[in-house]
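Written out below as structure tokens is the structure these notes cover.
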Amino acid sequence: MWSLFIADALFALITVYLPGFFFFRGVRFSRADALVLSPLFSLLGFYLISYLYLMLGVQSGWANTVLPVSAMGFGIWALSRTVDVRTLSRRGKERPSCVCWKNLILYLAIAVVICMFYYVLPLDGADSFFQENDNIAHLTGVRDSLNTGVYVDYPPFISYPNMWNVLASVVASFGQANVAVAVNATNYVICAVVFPSAICLFMSYVFRGRASVVRFGALFSTAFAAFPWGFLLFGPLYPNLLGYSLLPLVAFEFMSMMNADSPRSFLGWLLAFCAGCALLLGAHPNAIFVGVALLSCYAVAVLYVRARDWGLRGKRRLIPGAAFAVFVLLVWTVLYASPSFYDVVHFDWPAYTTISQAISNIIQLGLNKASGPQWVLAAVVMLGCMTCILRRENCWLVATFSLMALIYVSCTSVTSEWRTFLSGFWYNDSFRIAAMIPFVGIPLASVGFDALCSSARHAVSRGLPAFESRWRSCCVAGFLCAGFLVTNFYPNTSIPQNQVELVTGFGMVDYMLSSHNIRATDENGLDLEESLFLAKVKDVIGDEPVLNYPYDGSVYAYALYNLNVVNRGWFYAARGEGDTNLETLRARVNEIENDSSVQEAARSAGVSYVLLLDCDGMETGEGCYSSPGYISEDWAGLEEMNDSTPGFEVVLSEGDMRLYRIVE
């Protein structure tokens with residue numbers, strides 16, 4: 001399976017980066033910038049062509065999704081080369097590079113290693129998966145795409161975010177249609193390559209002329225437990241993961257637009273920014289609101305500086321920035337009051353702590369309910385805040401950090417209407433809110449770490465010859481980098497004899513990802529033995545419908561093994577509001593021999609088989625889940641079945657796993 005994981009990951013890399021690289025080279029970006037920006041073109045192209053196939057009634061697959069977009073990108077590049085040859089001016093027209101190759105390689109090298117330790121190693125095999133509710137929908141969506149050739153839903157850009165599903169489905173259709181492996185490979189590429197490279201571009205633009213700050217940013221791109229890790233261990237929230245990972249690229253477009261030096265340049269960047277917003281809308285709309293929180297203070301700062309170029313002096317320089325702030329607040333208020341957003345902004349996700357504890361969480365960066373504190377990282381971030389204020393450089397970062405902290409505190413601890421106004425666009429969900437903070441935390445930590453290294457280098461090299469000074473400076477910087485990596489990524493530690501237990505941010509990440517991916521017997525809903533049993537069931541019944549008890553792990557049977565189970569979720573409509581035949585079977589299938597209504601329900605539903613993965617664990621709950629919507633009497637027929645239930649014969653039997661056939 002690991003060879004398939006590597007193949008899927010390499011294909012995902014090529015798929016995401018090759019088409020867009022040609023496109024951005026064709027429109028005169030440098031090689032490094034073009035490579036980093038590539039996902040904007042590639043993913044938007046895949047998304048749009050998937051909708052085109054939906055409207056034309058054409059089935060999507062990896063070839064007819066990837067190849068046309070690649071051909072378009074290559075065609076634009078080839079056309080630009082033709083024009084360049086004719087005008088003999090290709091080199092002069094290339095845009096100045098923003099990203100340095102050395103920095104990009106450093107960002108990717110650190111991220112690839114960290115993600116190997118904290119994403120790949122916690123997997124219990126390349127085909128294991130995080131066993132939680134949201135993953136049922138994600139995995140099932142990919143399986144549906146493979147079976148139907150439909151990767152998206154109507155209406156475009158407004159339906160449930162489909163861009164992650166498109167990418168994962170493309171990767172799965174190229175491989176062996178192994179959904180779990182394709183999902184793991186896709187998420188690894190997003191965490192280890194897409195997000196770190198996007199942050200590298202963002203940092204390179206924000207800190208133009210401060211190479212050391214940009215370079216130190218490589219330490220922090222994956223250093224915050226809140227993101228990307230928080231989206232992997234809660235939900236999990238894969239569409240959100242992709243949307244947030246693409247945000248720095250769109251932020252770069254916005255900042256370039258704000259600093260455009262001509263109307264033509266402004267219009268070009270405006271067009272690119274609008275396309276980027278469409279991309280975020282397709283990935284996950286709340287990424288756009290993260291962008292608003294991240295860039296509003298930046299825009300105000302830029303407008304204040306540029307007001308001088310527009311002839312404004314004194315207090316009049318405040319007018320453009322103030323007007324922009326009022327505009328953002330007005331749009332935010334209108335959207336908040338819009339009926340179309342009502343269910344989102346008023347989503348019932350209650351506050352869970354006090355204001356003082358929420359502030360403490362911000363200070364120590366223990367930002368969500370599944371995270372430990374990150375004291376060293378928090379200290380570096382605070383040092384970055386103080387450095388920005390004292391040097392009067394990039395103070396908009398401090399203002400943005402304060403704004404995001406306010407949103408976080410309101411989300412986790414406030415019960416008034418202000419809570420929904422500030423955090424409602426993220427479903428009032430602390431995990432999604434917490435994931436915003438790394439976007440400003442990474443640059444602040446980089447500034448703070450640079451200041452720390454600068455002071456340390458100055459202290460150890462004062463009065464020394466140039467060569468020895470450089471040598472000691474390099475040693476100090478290397479020591480501090482190594483020290484940060486060790487302390488920040490240190491696992492949970494326990495000293496039982498002293499009754500000491502140290503919980504760390506990444507200790508919790510490792511624990512959560514390992515525990516929810518483990519496939520040992522009765523540890524999660526679906527263990528390895530049950531997985532092997534499902535494969536045998538598939539060989540026996542083929543595509544025949546089978547009645548199952550979803551809380552025993554068989555809820556994943558369709559997504560992973562294409563087994564036609566009829567119960568594919570943990571949440572169901574109230575009695576009388578769903579499929580009445582299935583409701584009857586769930587509640588009374590054990591009475592099928594003597595109850596004609598149950599027999600008729602089975603015939604109407606086309607069900608001839610019943611699958612139980614924990615037939616002796618119904619009372620003890622071994623290996624079984626339950627959900628808030630679970631009602632025991634709705635499942636009594638399945639929960640009370642055993643080998644002696646009349647009207648059934650055993651087709652497959654291993655341990656406590658059974659496949660029954662209904663005997664007419």
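All residue numbers in this chain count up from 1 along the given sequence.
- Here Y556 and F129 bring their ring centres to under 6.0 angstrom of each other.
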field: Test side-chain contact (heavy atoms from CB on, under 4.5 Å) applied to H516 and L233, step by step
entry: CA-CA 8 Å; H516 281 71; L233 53 83; over 6 Å; no

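- Considering every non-hydrogen atom in both Y549 and S554, the closest pair reads O-OG, 3.0 Å.
- Judged by distance alone, the side chain of N178 and the main-chain N or O of V181 form a donor-acceptor pair under 3.5 Å.
- With respect to Y238, the side chain to side chain contact (heavy atoms under 4.5 Å, CB included) criterion is satisfied by exactly one of L232, D134, L167: L232.
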- request: Evaluate the side-chain hydrogen bond (donor to acceptor under 3.5 Å, both in side chains) criterion for residues Y47 and S42: first the C-alpha distance (whole Å), next the side-chain angles of each, then the deciding distance (0.1 Å), finally the verdict.
  value: CA-CA 9 Å; Y47 191 72; S42 302; over 6 Å; no

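- The shortest distance between side-chain heavy atoms of F533 and L611 falls below 4.5 Å.
- Looking at I136 and R568, their side chains never come closer than 4.5 Å, going by heavy atoms from C-beta outward.
- To the nearest 0.5 Å, atom CG of residue L280 and atom CE of residue M163 are 8.5 Å apart.
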query: Given N488 and Q374, is the side-chain hydrogen bond (donor to acceptor under 3.5 Å, both in side chains) satisfied, shown in steps?
result: CA-CA 7 Å; N488 189 69; Q374 295 185 269; 3.2 Å; yes

message: Between W570 and Y630, is the ring-ring contact (aromatic ring centres under 6.0 Å, His included) condition met? List the steps.
response: CA-CA 8 Å; W570 288 345; Y630 168 81; over 10 Å; no

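- Residues W164 and H138 bring their aromatic ring centres within 6.0 Å.
- Without hydrogens or angle criteria, N517 side chain to L513 main chain gives a donor-acceptor distance under 3.5 Å.
- In this structure, Y53 has its ring center at least 6.0 angstrom away from the ring center of Y51.
- Separation of atoms CZ (F231) and SG (C191) is listed at 11.0 Å; rounding is to 0.5 Å.
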task: Check step by step if side-chain contact (heavy atoms from CB on, under 4.5 Å) holds for M436 and W426.
output: CA-CA 10 Å; M436 292 196 304; W426 295 274; 3.4 Å; yes

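- In this structure, the side chain of S430 does not engage the main chain of T412 through any donor-acceptor pair within 3.5 Å.
- For the pair Q131 (side chain) and L526 (backbone), a donor-acceptor distance under 3.5 Å is present.
- Shortest non-hydrogen contact noted between F648 and V589 is CZ-O, 3.4 Å.
- Heavy-atom neighbours of F117 CZ from other residues, nucleotides or ligands within 6.0 Å: at or below the threshold of 12.
- A donor-acceptor contact shorter than 3.5 Å links the side chain of S38 to the backbone of F21.
- No option in D643, T645, N642 other than D643 meets the side chain to side chain donor-acceptor pair (under 3.5 Å) test with Y660.
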- prompt: What do the steps show when you test D144 against Y558 for side-chain hydrogen bond (donor to acceptor under 3.5 Å, both in side chains), and what is the final call?
  reply: CA-CA 9 Å; D144 283 338; Y558 169 70; 2.5 Å; yes

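- Interatomic distance, CG of L638 versus CG of N567, reported as 7.0 Å (0.5 Å rounding).
- Interatomic distance, CD of Q59 versus CG of L54, reported as 11.5 Å (0.5 Å rounding).
- A cation-pi arrangement is absent between R661 and Y609 under the rule of less than 6.0 angstrom and at most 45 degrees off the ring axis.
- The closest donor-acceptor contact from the side chain of N184 to the backbone of S128 lies under 3.5 Å.
- When atom types are taken as modelled, the side chain of N361 and the backbone of L367 share no donor-acceptor pair closer than 3.5 angstrom.
- Note on E529 versus R519: no salt bridge recorded, every NZ/NE/NH1/NH2 to OD/OE distance being 4.0 Å or above.
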message: side-chain contact (heavy atoms from CB on, under 4.5 Å) for L201 and L104? Distances and angles first, verdict last.
response: CA-CA 8 Å; L201 177 64; L104 178 60; over 6 Å; no

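- For the pair S371 (side chain) and N368 (backbone), a donor-acceptor distance under 3.5 Å is absent.
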message: One pair to check against side-chain contact (heavy atoms from CB on, under 4.5 Å): R432 and V290. What are the steps and the verdict?
response: CA-CA 9 Å; R432 291 178 172 91; V290 177; over 6 Å; no

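- Side chains of L13 and V193 form a contact here, defined as non-hydrogen atoms less than 4.5 Å apart.
- Heavy atoms only, all atoms of each residue included: T521 and D527 are closest at CA-OD2, 3.4 Å.
- Note that CZ of R586 and CG of D634 are 8.0 Å apart. Values are rounded to the nearest 0.5 Å.
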field: Check against side-chain hydrogen bond (donor to acceptor under 3.5 Å, both in side chains), D8 and T186
entry: CA-CA 8 Å; D8 281 354; T186 299; over 6 Å; no

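- A cation-pi arrangement is absent between K369 and F431, since the terminal nitrogen or guanidinium carbon is not both under 6.0 Å from the aromatic centre and inside a 45° cone about the axis.
- Scanning all heavy atoms of the two residues, the minimum distance from F227 to L241 falls at CZ-O, 3.9 Å.
- More than 12 heavy atoms of other shown residues, nucleotides or ligands fall within 6.0 angstrom of atom CG in D539.
- Between F224 and F220, a ring centre-to-centre spacing not shorter than 6.0 Å is recorded.
- A heavy-atom distance below 4.5 Å is found between the side chains of P122 and D510.
- To the nearest 0.5 Å, atom CG of residue L659 and atom CD of residue E649 are 10.0 Å apart.
- You'll find the side chain of T487 stays beyond 4.5 Å of the side chain of L377, heavy atoms only.
- For the pair N428 (side chain) and W349 (backbone), a donor-acceptor distance under 3.5 Å is absent.
- Checked against a 6.0 Å centroid threshold, the rings of Y119 and W229 do not count as neighbours.
- Other residues, nucleotides and ligands place no more than 12 heavy atoms under 6.0 Å from the OH atom of Y490.
- When side chains are defined from C-beta on, F439 counts as touching L247, because their heavy atoms get closer than 4.5 Å.
- Using modelled atom types, no side-chain atom of N135 and backbone atom of P236 make a donor-acceptor pair closer than 3.5 Å.
- Using a 4.5 Å heavy-atom threshold, the side chains of Y551 and D614 count as separate.
- What you find for A198 and S245 is that their closest heavy atoms are CB-O, 3.6 Å.
- In this structure the side chain of L43 reaches within 4.5 angstrom of the side chain of L242, judged on heavy atoms.
- Summarising the geometry of L613 relative to G553, their closest heavy-atom pair is CD1-C, 4.1 Å, with the distance given to 0.1 Å.
- A ring-ring contact (aromatic ring centres under 6.0 Å, His included) with Y118 holds for exactly one of F506, Y188, Y511; it is F506.
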